[in-house]
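Just below is one structure, and these are the notes that go with it.
Every number for a ligand or one of its atoms is a count from 1 in the order of the listing.
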Amino acid sequence: MGGCHPNDNNYQGRELRLQQQYFFVSCSLQDIIRNYLQHNDNFDNFPNKVAIQINDTHPTIGIAELMRLLLDEHQLGWEKAWDITQRTFGFTNHTLLSEALERWPLSLFGRLLPRHLEIIFEINQRFLDQVRAKYPGDNEKVARLSLIEEGAEKRVRMAHLGCVGSHAINGVAALHTQLLKNDLFRDFYELFPEKFSNKTNGVTPRRWILIANPKQALLITNKIGKGWIKNLEELKQLEAFVDDGEFREQWRQIKQENKQDLAEYILQTTGVHVDANSLFDIQVKRLHEYKRQLLNLLHVITLYNYIKQNPNADVVPRTVIFAGKAAPGYAMAKLIIQLINSVADVVNNDPDIGARLKVVFLANYNVALAQRIYPGADLSEQISTAGKEASGTSNMKFAMNGTLMIGTLDGANIEIRDRVGQENFFLFGLTTEQVSQIKAQGYHPWDYYNSNPQLKQAIDQIASGYFSKGDSNLFQPLVESLKNRDDYLLFADYQSYIECQQRVSHAYRDQDNWLKMSILNAARTGYFSSDRTIREYAQDIWHVQPVPITLEDDQQENAAINIEAQPAYSH
Ligand SMILES: *Cc1c(COP(=O)(O)O)cnc(C)c1O
């Protein structure tokens, strides 16, 4: 259960949203039960035959809905219904951002779903009785764990319902799961540590290599056979060819052709000419302040100023490519898009800059566009504030397509770096612990602004209207937010990021070594296949075994793109 959300990592508390969630969840559960009862005449075997994985907090209402169906529609007793419910559900958390966790006001919830509120109160009473028995007199712990948040406006904490109503709770990268245990769900982890596990995300190599990058796919198959399509760890065999000059040349040629295709798309959609020989430096993802597209843009402005001040500078030419959607009501995200486009306008049309720097924002980011972008990337920007990105998956898709990463120690970046090797990764920035420390001791973005002339110049240009035809009001909200709060520590990480980008440019001059790093990034990312992720859920949470399936002849025809049978799973 789960799906797509117009608001990524942001909770709005709109009534229609709860109605939609309930509608889809109830339909799914009633369909599951209908199907189950065609083969069973009681519910004893339900948790053995059905596994429901709650994908983020949005479908957690399913826990109360399954209880309602079992109690009211199928006349089970509470104890039996609760045992079945807990053994059926697993809960995957996808974010540590507290503003993204759904907390429905009791008034709204009770008006829409009065029976479910009753059931949640009953679940809570029984749960808190256990908590009180274990921690006598610790009322603060009871308040922290409760499914109901007290206060002027009482709320239902949907993430807590997910933790209490499931037998398994997981995060989506090693660091993220660690932070769930230590921070967000600390009290729950103390109560039932056995429920917690990590399931690092993965992506499907069929879409993200085979379909998106057919030339690279064919080269790989010619070298190591087609086993990698079903067992991505086989990409490791490519390591044997990293010192093979002919293979490197083939690898280079394919990246170059992919960059030319992307350059063609950029020309057609934006009218901007970009040089396919420049370093394609790419950040494509939902617009969010924690993902720090602005930090990337501060580097762009810094590079622009450097070239302006050093007209004959021999810099590595770069094409900086952005894409990503902003949620409809997220004004700051939209302003960031406007600033990217404004900076692009100035940079791309400055004759002093020429082909040394180009900036483009590609509209309407979606999976189809993503498939065009990753294969043509030299450098992938994964620069979130440490501790904020649960996992990320574009980091994986880029690496599989032979893209080097500039990144922080956040989400799955850490595990990618561990596998591709630190010498094949551009690391910068504060660690999660350092971020917490700085925040605890009182963070003053002004100090960084005042003590770093390049940073100050970039910010002052944005503020003065340098990129907005003299309009010094347009980007004020953005500038004020950075100078006064800078919640995501852009200023604190700025210098480290700029210096790391200099290391990137330096490394790109050695094309032969860059190619080796590119091959090793692709060769060592087999772990990040979604096949591995699904296998772990199947083994550890759903307790289901793989079942080999044979394809009909007409399905074999589908082999136009060589997509092969994956095992189905069943009890
Ligand atoms: C992979 C992907 C994402 C996720 O990107 P992150 O950088 O991991 O946040 C978002 N949108 C599309 C279209 C994608 O293909």
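Regarding atom 10 (C) of ligand 1, its nearest protein heavy-atom neighbour is Y365 CE2, 4.1 Å. Atom 13 (C) of ligand 1 has N366 C, 3.4 Å as its closest protein atom, hydrogens excluded (heavy atom only). With respect to atom 8 (O) of ligand 1, the closest heavy atom belonging to the protein is T393 N, 2.7 Å.
The residue F398 has no part lying near ligand 1, judged by heavy-atom distances below 4.0 Å.
Proximity to A370 (heavy-atom distance under 4.0 Å) selects the following atoms of ligand 1: 15 (O). Residue-ligand proximity, G392 to ligand 1, at heavy-atom distances under 4.0 Å covers atoms 8 (O). Of all atoms in ligand 1, numbered sequentially from 1 with element shown, those under 4.0 Å from a heavy atom of K397 are 1 (C), 2 (C), 3 (C), 14 (C), 15 (O). Of all atoms in ligand 1, numbered sequentially from 1 with element shown, those under 4.0 Å from a heavy atom of Y374 are 1 (C), 2 (C), 14 (C), 15 (O).
Using a 4.0 Å cut-off between charged side-chain N and carboxylate O, E499 and R503 make no salt bridge.
Judged by distance alone, with hydrogens and angles left aside, the side-chain atoms of N424 form no donor-acceptor pair with the main-chain N or O of N521 at under 3.5 Å. Without hydrogens or angle criteria, T408 side chain to S384 main chain gives a donor-acceptor distance under 3.5 Å. Side-chain atoms of N401 never come within 3.5 Å of backbone atoms of G376 as a donor-acceptor pair (strictly under, hydrogens ignored). Panel note: side chain S481, backbone P477; no donor-acceptor pair is recorded below 3.5 Å.
Within 6.0 Å of the OH atom in Y443, the count of heavy atoms belonging to other residues, nucleotides or ligands exceeds 12. The number of heavy atoms from other shown groups lying within 6.0 Å of CG (N484) is above 12.
Checked against a 3.5 angstrom limit, the closest N/O atoms of W208 and ligand 1 fall outside it. At least one N/O-N/O distance between S394 and ligand 1 falls below 3.5 Å.
Applying the ring pair (Phe, Tyr, Trp, His ring centres under 6.0 Å) test to residues at least two apart or on different chains, the pairs with a partner in residues 360-417 are W208-Y374, Y374-F398.
When the heavy atoms of R286, K291, H288 are ranked by distance to atom 9 (O) of ligand 1, first place goes to K291.
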